[in-house]
*Asks:* 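One structure, pasted below without further comment.
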Number of protein chains: 2
Amino acid sequence: MTRIKGLLYHYVRMRINRNHETKIHPSTPQRKLLFDVIQEAGKHLDAKELYRRASERDPSISLATVYRNLRLFKEQGLVDERHLGQARCYYAMKQLGEHQYLVCAACGKVIEFESPLIRKLIAEVQHKNNFFVTKIELYLEGHCRKCKEEKK
Amino acid sequence: MTRIKGLLYHYVRMRINRNHETKIHPSTPQRKLLFDVIQEAGKHLDAKELYRRASERDPSISLATVYRNLRLFKEQGLVDERHLGQARCYYAMKQLGEHQYLVCAACGKVIEFESPLIRKLIAEVQHKNNFFVTKIELYLEGHCRKCKEEKK
DNA sequence: ATAGGTGCAAATGGTTTGCGAAAAC
DNA sequence: GTTTTCGCAAACCATTTGCACCTAT
């Protein structure tokens, strides 16, 4: 019963957002804070880390609010979501193909990189499969120089 | 207390596996069944789907066994794990770069593809960052022809 | 006053773990 | 007989949701 009511509420809210093409709504202090933190970080943040950083400035903010706003930001295309290792991470939206990751399986170091080959690849895949690509996640894992040498 | 004991047990088991370079152990019927199902499927399976298919042949198999063996297979390099959308999926190990995915955000269709550009990209990244790449995940999302047209 | 947002606490759902029994070596 | 694996139930943990209150229109 309450279940139904909740679902309905959220469904209706989403429809409203869709139909009215709602613009960005940093109407609340919490929402603004969260978005600021994401932008300032620049790099990938998971929900917990975002919550931690936001809590420093507003100790009363709740984790539920973090998740709700992340979902909203995603829907509005303000942030993008990536799976990095096992965690979901978020970062402020940039151009298609700008956030690609190289992770050392041994020491955990994360290197962000970009390559013109990525654009070529997108073009090729779009053409061959008659697909319009809107998102790309490229994740490479391996061993950095240091860990490679230490392995011996 | 019980917690400590459990962790210790698993820690010791892992150390033993590491040190002795344990070979494949499809010693139990359940393990063999699970591996067979993965191989026969060929494509990506998540844990639930693997459990469902395995249950058809051995209705008494448990989900815990599925997860435990998936972990084991992963450790031994028999299967690889990917994040496809929100789910973790598994497939029998092939060559580096052979499993890349293109997913339609609207209808959910999954296309598996490969491109020589992927090898080029690996080579480039390895060289530029002095990294030894052991794993690559490439995930593209967008709209397939049908959904692209229906959008209008 | 009404819609949308929040904090809190509880629910959810995928994955992991403790444990006693069974199987493998 | 010792070690490994299993099934079951309980625990875990990231995420989501119901609800009552609040806050801006």
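Per chain, numbering begins at 1; letters A, B, ... match sequence-line order.
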*Asks:* For A:Leu70 and C:dT6, what is the distance between atoms CG and P respectively, to the nearest whole Å?
*Replies:*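 To the nearest whole Å, that distance equals 12 Å.
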
*Asks:* Does D:dT23 have OP1 or OP2 under 4.0 Å away from a side-chain N or O of A:Thr28?
*Replies:*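 The answer is no; no side-chain N or O of A:Thr28 sits under 4.0 Å from OP1 or OP2.
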
*Asks:* Nearest 0.5 Å please: distance from the CG atom of A:Leu70 over to the CG atom of A:Leu50.
*Replies:*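 Going from CG on A:Leu70 over to CG on A:Leu50, the span is 5.5 Å.
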
*Asks:* Whole-Å distance between C:dA23 C1' and B:Leu33 CG?
*Replies:*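 Going from CG in B:Leu33 over to C1' in C:dA23 covers 17 Å.
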
*Asks:* To the nearest 0.5 angstrom, please state how far the NE2 atom of B:His44 sits from the OH atom of B:Tyr101.
*Replies:*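 The distance works out to 5.5 Å.
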
*Asks:* Tell me, which pairs form a salt bridge (charged side-chain N to carboxylate O under 4.0 Å, His left out) where one or both residues lie in residues 115-124 of chain B, sequence neighbours left out?
*Replies:*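 Applying salt bridge (charged side-chain N to carboxylate O under 4.0 Å, His left out) to every pair that reaches into residues 115-124 of chain B, excluding sequence neighbours, yields B:Glu124-B:Lys128.
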
*Asks:* For A:Leu72 and C:dT6, give me the distance from atom CG to atom P, rounded to whole Å.
*Replies:*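 Interatomic distance, CG of A:Leu72 to P of C:dT6: 9 Å.
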
*Asks:* Measuring only between side-chain heavy atoms, which start at C-beta, is A:Arg145 closer than 4.5 Å to B:Phe131?
*Replies:*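 A:Arg145 does not reach B:Phe131 side chain to side chain.
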
*Asks:* If I take atom CZ in residue A:Arg31 and atom P in nucleotide C:dG7, what distance separates them, rounded to the nearest angstrom?
*Replies:*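 Answer to the nearest Å: 11 Å.
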
*Asks:* Would you say C:dA23 has OP1 or OP2 under 4.0 Å from some side-chain N or O of B:Gln30?
*Replies:*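 Checking C:dA23 against B:Gln30, no side-chain N or O comes under 4.0 Å of OP1 or OP2.
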
*Asks:* Just how far, in rounded Å, is P of D:dT5 from CZ of B:Phe35?
*Replies:*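 So the two atoms are 16 Å apart, to the nearest Å.
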
*Asks:* From C-beta outward on B:Ala47, which listed nucleotide comes closest to its side chain: C:dT6, C:dT17, C:dT15?
*Replies:*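 Output: C:dT15.
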
*Asks:* Among residues 55-64 of chain A, which contact DNA chain C at a heavy-atom distance under 4.0 Å?
*Replies:*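 Within this stretch, A:Ser60, A:Ile61, A:Ser62, A:Ala64 sit under 4.0 Å of the strand.
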
*Asks:* When you get a sec, tell me which of C:dA24, D:dG7, C:dG7 is the closest nucleotide to the side chain of B:Ser27?
*Replies:*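 For the B:Ser27 side chain, the nearest candidate turns out to be C:dA24.
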
*Asks:* Would you say A:Arg88 places a side-chain N or O within less than 4.0 Å of OP1 or OP2 belonging to D:dA14?
*Replies:*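 A:Arg88 to D:dA14 OP1/OP2: no side-chain N or O under 4.0 Å.
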
*Asks:* Evaluate the ring planes of A:Phe132 and B:His143, with Trp represented by its six-membered ring, and classify them as parallel (under 30°), tilted (30 to 60°) or perpendicular (over 60°).
*Replies:*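 The rings of A:Phe132 and B:His143 lie parallel, inter-plane angle below 30°.
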
*Asks:* Below 4.0 angstrom from OP1 or OP2 of D:dA14, is there any side-chain N or O of A:Arg71?
*Replies:*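 A:Arg71 to D:dA14 OP1/OP2: no side-chain N or O under 4.0 Å.
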
*Asks:* Measuring to OP1 and OP2 of D:dC6, would you say a side-chain N or O of B:Arg68 lies under 4.0 angstrom away?
*Replies:*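 Answer is no, no contact under 4.0 Å.
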
*Asks:* For the side chain of B:Lys48, counting heavy atoms from C-beta on, which of D:dC6, D:dC19, C:dG14 is nearest?
*Replies:*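 Per side-chain heavy atoms of B:Lys48, the pick is C:dG14.
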
*Asks:* With a 4.0 Å cut-off on N to O distance, would you call A:Asp46 and A:Arg88 a salt bridge?
*Replies:*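 A:Arg88 and A:Asp46: not salt-bridged.
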
*Asks:* In whole Å, I'd like the distance from the CD atom of B:Gln86 to the C1' atom of C:dT12.
*Replies:*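 In whole Å, C:dT12 C1' and B:Gln86 CD are 15 Å from each other.
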
*Asks:* Look up atom OH in B:Tyr90 and atom CG in B:Leu45, then write down how far apart they are to the nearest 0.5 Å.
*Replies:*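 So the OH of B:Tyr90 and the CG of B:Leu45 are separated by 11.0 Å.
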
*Asks:* Looking at A:Arg53 and A:Glu56, does any basic side-chain N land under 4.0 Å from a carboxylate oxygen?
*Replies:*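 Between A:Glu56 and A:Arg53 there is no salt bridge, as every charged N stays at least 4.0 Å from the carboxylate O atoms.
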
*Asks:* Taking atom C1' of C:dT15 as reference, at what distance in whole Å does atom OH of B:Tyr51 sit?
*Replies:*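 Answer to the nearest Å: 14 Å.
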
*Asks:* Using the C1' atoms of five pairs at each end, what's the angle between the two axes of the helix from C:dA1-D:dT25 to C:dC25-D:dG1, to 10 degrees?
*Replies:*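 Computed angle between terminal axes is 20°.
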
*Asks:* Going by the angle between their ring planes, with limits at 30° and 60°, are A:His83 and B:His83 parallel, tilted or perpendicular?
*Replies:*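 Geometry flag for B:His83 against A:His83: parallel rings.
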
*Asks:* Between A:Lys32 (NZ) and C:dG4 (P), how many Å, whole number?
*Replies:*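 So the NZ-P distance, A:Lys32 to C:dG4, works out to 22 Å.
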
*Asks:* Which one of B:Glu114, B:Arg82, B:Glu112 satisfies the side-chain hydrogen bond (donor to acceptor under 3.5 Å, both in side chains) criterion with B:Gln100?
*Replies:*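 Answer after filtering B:Glu114, B:Arg82, B:Glu112: B:Arg82.
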
*Asks:* Identify whether any heavy atom of B:Asn69 sits under 4.0 Å from a base atom; if not, whether one sits that close to sugar-phosphate; answer base, sugar-phosphate or nothing.
*Replies:*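 Counting heavy atoms under 4.0 Å across all strands, the contact made by B:Asn69 is with sugar-phosphate only.
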
